[in-house]
Amino acid sequence: MITKRKNTGIRMPEALDKKITKLAKEQGFTKNALMLQALQQFVEKSEDSTKAKDS
């Protein structure tokens, strides 16, 4: 199954961009894949936190 994708631009400090670039290279990911993984984990953690508060 193909997942639809949406392009989104992001502005960040140059120092953060350098760190992301280095980390992605070290882990064998593209910057895009690394940022998607980080965002997915953040969203899942936030959703879990919200669910726990609602219980």
Side-chain angles (χ1 to χ4, degrees):
M1 183 169 108
I2 298 174
T3 303
K4 291 178 86 174
R5 301 283 178 145
K6 176 157 178 31
N7 287 334
T8 302
I10 182 170
R11 290 185 290 277
M12 68 180 76
E14 192 172 311
L16 179 58
D17 181 64
K18 287 181 181 181
K19 289 178 183 181
I20 291 170
T21 300
K22 182 179 181 222
L23 189 58
K25 191 176 222 180
E26 290 172 353
Q27 295 187 5
F29 292 113
T30 62
K31 282 173 43 176
N32 184 71
L34 184 77
M35 290 188 284
L36 279 174
Q37 182 182 29
L39 287 168
Q40 185 65 41
Q41 289 174 357
F42 174 80
V43 168
E44 288 173 2
K45 186 176 179 181
S46 295
E47 288 174 339
D48 290 346
S49 175
T50 300
K51 287 178 188 175
K53 289 179 185 177
D54 291 343
S55 296

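What's counted below: heavy atoms across the whole structure, side chains too, no hydrogens, waters or symmetry copies. Numbers here simply count residues along the sequence, with the first being 1.
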Could you give the side-chain donor-acceptor pairs of residues 14-21 under 3.5 Å, partners two or more places apart or in another chain?
unit_1, atom_1, unit_2, atom_2, d
Asp17, OD1, Lys31, NZ, 2.6
Thr21, OG1, Asp17, O, 2.8

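- The side chain to side chain contact (heavy atoms under 4.5 Å, CB included) test applied to Leu23 returns Glu26, Gln27, Leu34, not counting sequence neighbours.
- One N or O on the side chain of Ser46 and one on the backbone of Phe42 form a donor-acceptor pair closer than 3.5 Å.
- Residues Ile10 and Phe29 fall within the same hydrophobic cluster, defined by Ile, Leu, Val, Met, Phe, Trp and Tyr side chains chained together at heavy-atom separations under 4.5 Å.
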